[in-house]
Amino acid sequence: MDQISPKLLIPQSFLVNRDDVTSQLGLMWELIKAPLLVPMLKLSVYICLGMALMLFMERVYMGIVIVLVKLFWKKPEERYKFVPIEDDEEHGSSNFPVVLVQIPMFNEKEVYKISIGAACGLSWPSDRLVIQVLDDSTDSAIKLMVEQECQRWASKGINITYQIRENRTGYKAGALKEGLKRSYVKHCEYVAIIDADFRPDPDFLRKSIPFLDHNPDIALVQARWRFVNADECLLTRMQEMSLDYHFTVEQEVGSATHAFFGFNGTAGIWRIGAINEAGGWKDRTTVEDMDLAVRASLRGWKFLYLGDLQVKSELPSTFKAFRFQQHRWSCGPANLFRKMVCEIITNKKVRFWKKVYVIYSFFFVRKIIAHMVTFFFYCVVLPLTILVPEVKVPIWGSVYIPSIITILNSVGTPRSIHLLFYWILFENVMSLHRTKATLIGLFETGRANEWVVTEKLGDVAKKVAEANKNKTNSKAIKRYRSKFIDRLNTLELGFSAFLFLCGCFDFMYGKNNYFIYLWLQTITFFITGIGYVGTII
């Protein structure tokens, strides 16, 4: 029997020379592109432009309102009754309300003394102040150190209690909830929550408690965060720029217009009665602070933000810690929105426009749209339009709108205006992780309830940097190599390669000069991909 030729088993259309492979691939690309890719990419562009307009209008609205607030709104002391609480010679300290200070912590070896010392130094009558250290540490050595620090202050006459639990059920929310169950808390009217790396000034309570004491409809007084390590590295400078906008604009506008904003989880004072009325602390999401704030607001309680009352704190100075923090801060709100949107819509105690503000502005635009449009539009769709020139992106969507949004975002930190362009590139990188976390929260999958405590280094980072300046021995080099491998982030490196190829294609065939942006964005993705975003300034 004659041997059958392999060529007979292969379709004739595939019998091409190697020189024709490129042309065949090009033909296949054209066949797929016209009926499938072009319509899908056009639809993606329209959706992204719509989201960009939503974010743009939100930023413009916030900008207009904050200008009006600064120029015409009354100060908090004029909008609400504020009478300083003074010592009474006849009645002693009885006119001071009893305040509970809760300090939740978890293996806070480097900073536990900071918050405990600051709480014990508050200018408030000692018989009207209860300090509660809620230690969920799993390291027995750290537990011992924290307990000894509490005993040291107790020996000085400070009413401080060291509390531990058998397990970490509910994480921070569980610890705070458990702390409020103690019998000695029943006579406390207010609770100040101070995280382990926060250090309020001695007059913190005297500047905030009178608002709660004289205005029974206020549930929460929130202070502004001020960062002691903002100048430590480029990473902390980027964080400062983002958070300063949040405090300078978002919190201020929410407080002035709707008496609502998201509780920041620390540096705030709650009315304990409002916490109980709202259902107490819940651990159903990783943003127990926002959860409580929304529930209290739906019951008619008001919140007050005091921009002039500042509490020192620490920013994550490692990219790994920052990524975990951003995952929690992005996943939690999206998950909470999923669980509470129907409750907000059907609520009868708050007015219609406040519902619109909470659902559309607070949740939908800021917590969902802002992350998604930044990533999908500027890191995925826009680069893909370079490969598919039939799809055009109007210049107002690719240049004008993001430029205006960026300028409006920069008002919070004028001193870092020279870092604005790199901040844009860095925020685009972080939008990858925030979008991923947001989708996880919306669909409640995977790491939706993952809680990783943000690492605090205190002064350790500076000490390590100084100690490592002259280290050049082989052991140090080996440790450096192992740490370098641990720092690699494959997702960022993958996007770096994708954007680089799109930039090269635009350089050779494009007409819009997008390659300048794409290559700069490539460098930023690559820097974060190899873990060097925390370069010291």
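Computed over heavy atoms, backbone and side chain alike; hydrogens, waters and symmetry mates excluded.
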Any side-chain donor-acceptor pair under 3.5 Å between Asp127 and Ser93?
yes

How close do Ile275 and Leu180 get, heavy atom to heavy atom, and via which atoms?
CG2-CD1, 4.2 Å

Under 3.5 Å side-chain donor-acceptor pair for Trp225 and Thr266
no

Please work out whether the ring planes of Phe319 and Phe322 are parallel, tilted or perpendicular, with thresholds of 30° and 60°.
tilted

Under 30°, 30 to 60°, or over 60°: which ring-plane class applies to Phe96 and Trp124, parallel, tilted or perpendicular?
perpendicular

Side-chain contact test, heavy atoms from C-beta onward, threshold under 4.5 Å: evaluate it for Asn409 versus Arg59 and give yes or no.
yes

So, are Arg206 and Asp201 salt-bridged, with charged N and O less than 4.0 Å apart?
no

Beyond-backbone contact of Ser330 with His433, side-chain heavy atoms, under 4.5 angstrom
no

Lys172: which of Asp136, Asp283, Asp195 passes salt bridge (charged side-chain N to carboxylate O under 4.0 Å, His left out):
Asp195

Is it true that a side-chain atom of Asn347 and a backbone atom of Leu298 form a donor plus acceptor pair closer than 3.5 Å?
yes

Would you be so kind as to tabulate the donor-acceptor pairs closer than 3.5 Å made by side chains of residues 73-81, with sequence neighbours excluded?
unit_1	atom_1	unit_2	atom_2	d
Trp73	NE1	Ala256	O	3.3
Glu78	OE1	Lys75	N	3.3
Arg79	NH1	Lys74	O	2.9

Indicate yes or no for a side-chain donor-acceptor contact from Arg271 to the backbone of Leu212 under 3.5 Å, with no hydrogens or angles considered.
yes

Whether the side chain of Ser416 engages the backbone of Met241 through a donor-acceptor N/O pair (distance < 3.5 Å, no angle test) should be reported.
no

Which pairs pass ring pair (Phe, Tyr, Trp, His ring centres under 6.0 Å) with one or both residues in residues 270-305, sequence neighbours excluded?
Phe260-Phe303, Phe261-Phe303, Phe263-Trp270, Trp270-Phe303

Before giving the answer on side chain to side chain contact (heavy atoms under 4.5 Å, CB included), spell out for Phe337 and Ile344 the whole-Å C-alpha distance, their side-chain angles and the decisive distance to 0.1 Å.
CA-CA 9 Å; Phe337 178 68; Ile344 297 171; 5.8 Å; no

Indicate whether any N or O donor in one side chain lies under 3.5 Å from an N or O acceptor in the other, for Asp213 and Tyr190.
yes

Would you say the side chain of Met372 lies within less than 4.5 Å of the side chain of Leu439, judging by non-hydrogen atoms?
yes

Arg224 versus Gln310, side-chain donor and acceptor atoms under 3.5 Å
no

Ignoring hydrogens and geometry, is there a side-chain-to-backbone donor-acceptor pair from Gln102 to Leu134 under 3.5 Å?
no

Please determine, by modelled atom types, if Gln325 and Trp329 share a side-chain donor-acceptor pair under 3.5 angstrom.
no

Is a side-chain donor or acceptor of Thr435 paired with a backbone partner of His371 at a separation under 3.5 angstrom?
yes

Under 3.5 Å donor-acceptor, Asn95 side chain and Glu86 backbone:
yes

Minimal heavy-atom distance between Thr257 and Val65, with the atoms involved, is CG2-CG1, 3.7 Å

Counting distance only, does the side-chain N/O of Arg338 pair as donor-acceptor with the main-chain N or O of Leu442 below 3.5 Å?
yes

Under a 3.5 Å threshold, yes or no: a donor from one side chain and an acceptor from the other, between Thr138 and Asn107?
yes

Please check if the side chain of Ser155 supplies one atom and the backbone of Arg152 the other of a donor-acceptor pair under 3.5 Å.
yes

Closest non-hydrogen atoms of Pro316 and Gln239, given as atom of the first, atom of the second and distance, are O-NE2, 2.7 Å

Measuring only between side-chain heavy atoms, which start at C-beta, is Met430 closer than 4.5 Å to Thr374?
no

Passing candidate, side chain to side chain contact (heavy atoms under 4.5 Å, CB included) with Ile404, options Ile407, Thr406, Leu408, Ile401:
Leu408

Is a side-chain donor or acceptor of Glu178 paired with a backbone partner of Ile164 at a separation under 3.5 angstrom?
no

Quick check on Lys113: does its NZ atom have over 12 non-hydrogen neighbours (other residues, nucleotides or ligands) under 6.0 Å away?
no

Residue pair Ile64 / Tyr61, side-chain heavy-atom distance below 4.5 Å:
no

Whether Lys339 and Glu444 form a salt bridge (side-chain N of Lys/Arg under 4.0 Å from carboxylate O of Asp/Glu) is what I want to check.
yes

Between Leu235 and Thr318, what is the shortest heavy-atom contact and its length?
CD2-C, 3.6 Å

Asp217 with Lys302: basic N within carboxylate O range, under 4.0 Å:
yes

Could you check whether any side-chain heavy atom of Leu336 comes within less than 4.5 Å of a side-chain heavy atom of Arg284, counting everything from C-beta outward?
yes

Which atom pair, heavy atoms only, marks the closest approach of Val130 to Cys188?
CG2-SG, 4.1 Å

Around atom CG of Asp308, are there more than 12 heavy atoms from other residues, nucleotides or ligands closer than 6.0 Å?
no

Between the main-chain N or O of Glu232 and the side-chain N or O of Arg237, is there a donor-acceptor pair closer than 3.5 Å?
no

Do Tyr184 and Gln132 pair up side chain to side chain, a donor and an acceptor below 3.5 Å, judged on atom types alone?
yes

Are any of the side-chain heavy atoms of Val146 and Ile116 separated by less than 4.5 Å?
yes

Lys367 charged N/C atom sitting above Phe362 aromatic ring, 6.0 Å / 45°:
yes

Can a donor-acceptor pair be found between the side chains of Ser242 and Glu427 at a distance below 3.5 Å?
yes

Give a yes or no on whether Lys109 atom NZ has more than 12 heavy-atom contacts from other residues, nucleotides or ligands under 6.0 Å away.
no

Return yes when atom NZ of Lys355 has more than 12 non-hydrogen atoms of other residues, nucleotides or ligands closer than 6.0 Å, and no otherwise.
yes

With a 3.5 Å cut-off and no angle check, do the side chains of Tyr162 and Asp135 form a donor-acceptor pair?
yes

Do the side chains of Leu55 and Ile405 get nearer than 4.5 Å, heavy atoms only?
yes

Do the side-chain N and O atoms of Ser137 and Asp139 include a donor-acceptor pair separated by under 3.5 angstrom?
no

Step through the shown structure and confirm whether more than 12 heavy atoms of other residues, nucleotides or ligands are within 6.0 Å of NZ on Lys156.
yes

